[in-house]
Protein chains: 2
Amino acid sequence: MIQPRLRTIPEATVARLAVYLRVLAGFADGGRTTVSSGELASAAGVNPAGLRKDLSHLGSCGVRGVGYDVRALRERIARVLGAEQSRACVLVGLGNLGTALADYAGFGSRGFRFTGLFDAAPDRVGERIGGLTVQPMTELEATVTGTGVSIGVIATPAEVAQQICERLTAAGVRSILNFAPVTLTAPAGVDVRQVDLSVELQVLAFLGQQRAVPAGEVSA
Amino acid sequence: MIQPRLRTIPEATVARLAVYLRVLAGFADGGRTTVSSGELASAAGVNPAGLRKDLSHLGSCGVRGVGYDVRALRERIARVLGAEQSRACVLVGLGNLGTALADYAGFGSRGFRFTGLFDAAPDRVGERIGGLTVQPMTELEATVTGTGVSIGVIATPAEVAQQICERLTAAGVRSILNFAPVTLTAPAGVDVRQVDLSVELQVLAFLGQQRAVPAGEVSA
DNA sequence: GGATGTGAAGTGATTCACAGCC
DNA sequence: GGCTGTGAATCACTTCACATCC
């Protein structure tokens, strides 16, 4: 008997649900109580039909002829994404990027909570960022096992990222978000996502130059 | 007569080409002169067949039975992505994230060059970051028109991002990369790409929790 | 009337499998 | 023998169109 993969939500949809959550927060702050798929879609920069299909994955939540209740929809999405429970994360590498991540308010409101910040540079250790104190690398394993960390974020230079990845997985972390420009290898069962800040820029530039020469030649 | 969209490369492929470029640089530094699709694919974290299909979009460049010439492939990809010409960019917003972007060495090696850094805070103006001096916002338009900027990068707080977007487009910028957590609206003909750092984290967390409860119930 | 929810069609991307070439 | 290049098949996602319900 094959389990027909019920209760699965496409990854592309999950990514957009996170965006809807942010947009809904804005509508709620603005005092709106209901919103239509058209309004929500335009504020999120997506197609209305696609938005409705996305929402259909979490079970019908709107009222035909009216729209969606802002508060109810927000809670529904937050529950599905797990944003109502607080998940512990550690962040390794507090250069400018790491510091930006540690400071970013968006994580807290989405159910993420840093329980440890780590850096190898002695002069960074002890610094306070976003309400936490930067710890030396030697404390990494103790914090991971001690605070039930489920996610590790790597924002170190490329050279040490693989080694950090290994320490995190050895300590029990099963999900890793990597901002260092190297492809990490991790044991099966560990989920690694790679974010390369320059890739988006490269795609943007390519689309721009392609638009400039719509069906043109390649320069010889 | 319908133009059959020749000379078009899928967006997903473009994003991966940027990754291959980085990986090839590593192989070249390591003294490798040829590389197979299998090696390259595993170093880039993709499927070998997919890599070959990606490369096929730029015309055959490998040797059957042997592999790819590292240097030739690198040049080929760089040319297609436009990375051999230097493209001027401006960066607005020099908080931690903006500073990280300004400092990031990966941009220069990929054909991007910042010609202006701008911040609204008077105490940041004058600071030197990555070889440039931070300028006041009043100078934005002059730099954009004066240095032929093709790409604008926004790393400001969410509240002012839309306004910056308008100033950039009014000054003639046609491609914008936005790191602020708001959906920007721009006139037709302007390409805006949105990067939300917390979305990746949210997707990662979702996949992790989904794996923990493979075909399970929703908590009541 | 108006907006949701969803099967069906369409599009795009990934993977497979193998022919072609060194 | 080994590895590339690519049609064919599969899979995933998007868009459309409309039945459904308030």
Side-chain angles (χ1 to χ4, degrees), chain A residues 2-20 24 27 32-70 72-74 76-77 80 199 203 206-207 210, chain B residues 2 4-20 24 27 32-70 72-73 76-77 80 199 203 206-207 210:
Chain A
I2 295 160
Q3 189 74 6
R5 255 305 169 213
L6 207 66
R7 177 65 41 199
T8 203
I9 300 181
E11 196 172 307
T13 293
V14 173
R16 283 186 301 259
L17 286 176
V19 175
Y20 304 156
L24 282 168
F27 276 110
R32 289 292 298 272
T33 143
T34 65
V35 67
S36 72
S37 65
E39 292 170 293
L40 199 50
S42 109
V46 301
N47 175 304
L51 180 136
R52 291 200 301 274
K53 173 136 287 194
D54 284 340
L55 296 186
S56 77
H57 287 287
L58 17 131
S60 174
C61 198
V63 182
R64 294 172 200 236
V66 179
Y68 300 90
D69 181 84
V70 171
L73 184 55
R74 218 180 147 185
R76 186 76 148 261
I77 295 176
V80 170
V199 166
V203 173
F206 180 82
L207 296 177
Q210 201 176 45
Chain B
I2 295 161
R5 252 308 165 210
L6 209 64
R7 179 65 40 201
T8 202
I9 300 181
E11 195 172 309
T13 293
V14 173
R16 282 186 302 258
L17 286 176
V19 175
Y20 304 156
L24 282 168
F27 275 110
R32 288 293 298 273
T33 142
T34 65
V35 68
S36 72
S37 65
E39 293 170 293
L40 199 50
S42 109
V46 302
N47 176 302
L51 180 136
R52 292 200 299 275
K53 173 137 285 192
D54 285 340
L55 296 186
S56 76
H57 288 287
L58 17 132
S60 175
C61 199
V63 181
R64 294 174 199 237
V66 178
Y68 300 90
D69 181 83
V70 171
L73 185 55
R76 185 76 149 261
I77 296 176
V80 170
V199 165
V203 173
F206 181 81
L207 296 178
Q210 202 176 43

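Below, read A as the first sequence line, B as the second, and so on, with proteins coming before strands; counting in each chain starts at 1. Nothing here was measured: the structure is a model prediction, and the numbers come from that model.
- In this structure, the CG atom of B/L58 is 14 Å from the C1' atom of D/dT6, given to the nearest Å.
- For the pair B/V199 and A/V14, the minimum side-chain heavy-atom distance is 4.5 Å or more.
- In this structure, the CG atom of B/D54 is 12 Å from the C1' atom of C/dT15, given to the nearest Å.
- Rounding to whole angstrom units, CG of residue B/L73 and P of D/dT4 are separated by 11 Å.
- For the pair B/N47 CG and D/dT4 P, the computed distance is 13 Å after rounding to whole Å.
- Look at CG on A/L51: it is 12 Å from P on D/dT14, rounded to the nearest Å.
- In this structure, B/H57 places its NE2 atom 12 Å from P of C/dG12, rounding to the nearest Å.
- Taken from OH in A/Y68 to CZ in A/F27, the straight-line distance is 13.0 Å, to the nearest 0.5 Å.
- Rounding to whole angstrom units, CD1 of residue B/I9 and P of C/dA13 are separated by 12 Å.
- Within the 4.5 Å cutoff, side-chain heavy atoms of B/L55 are placed close to those of B/Y20.
- In this structure, CZ of A/R16 is placed 9 Å from P of D/dC13, rounded to the nearest angstrom.
- Contacts classified as salt bridge (charged side-chain N to carboxylate O under 4.0 Å, His left out) and involving residues 34-63 of chain B (residues at least two apart or in different chains) are given here: B/R16-B/D54, B/R32-B/E39.
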Sub-3.5 Å pairs of nitrogen or oxygen atoms, protein against nucleotides 4-8 of chain C:
{"residue": "C/dT4", "atom": "OP1", "partner": "A/S37", "partner atom": "N", "Å": "2.4"}
{"residue": "C/dT4", "atom": "OP1", "partner": "A/S37", "partner atom": "OG", "Å": "3.4"}
{"residue": "C/dT4", "atom": "OP2", "partner": "A/S37", "partner atom": "OG", "Å": "2.6"}
{"residue": "C/dT4", "atom": "O2", "partner": "A/R64", "partner atom": "NH1", "Å": "3.1"}
{"residue": "C/dG5", "atom": "OP1", "partner": "A/S60", "partner atom": "OG", "Å": "2.5"}
{"residue": "C/dG5", "atom": "OP1", "partner": "A/C61", "partner atom": "N", "Å": "3.1"}
{"residue": "C/dG5", "atom": "OP1", "partner": "A/G62", "partner atom": "N", "Å": "2.9"}
{"residue": "C/dG5", "atom": "OP2", "partner": "A/Y68", "partner atom": "OH", "Å": "2.8"}
{"residue": "C/dG5", "atom": "O4'", "partner": "A/R64", "partner atom": "NH2", "Å": "3.3"}
{"residue": "C/dG5", "atom": "N7", "partner": "A/R52", "partner atom": "NE", "Å": "2.9"}
{"residue": "C/dG5", "atom": "O6", "partner": "A/R52", "partner atom": "NH2", "Å": "3.0"}
{"residue": "C/dA8", "atom": "N6", "partner": "A/K53", "partner atom": "NZ", "Å": "3.4"}

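- Contact annotation: the side chain of A/F206 approaches that of B/I9 to within less than 4.5 Å [non-hydrogen atoms, C-beta and beyond].
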| request: Kindly indicate, with the supporting measurements, whether the criterion side chain to side chain contact (heavy atoms under 4.5 Å, CB included) is fulfilled by A/D69 and A/V63. | output: CA-CA 8 Å; A/D69 181 84; A/V63 182; over 6 Å; no

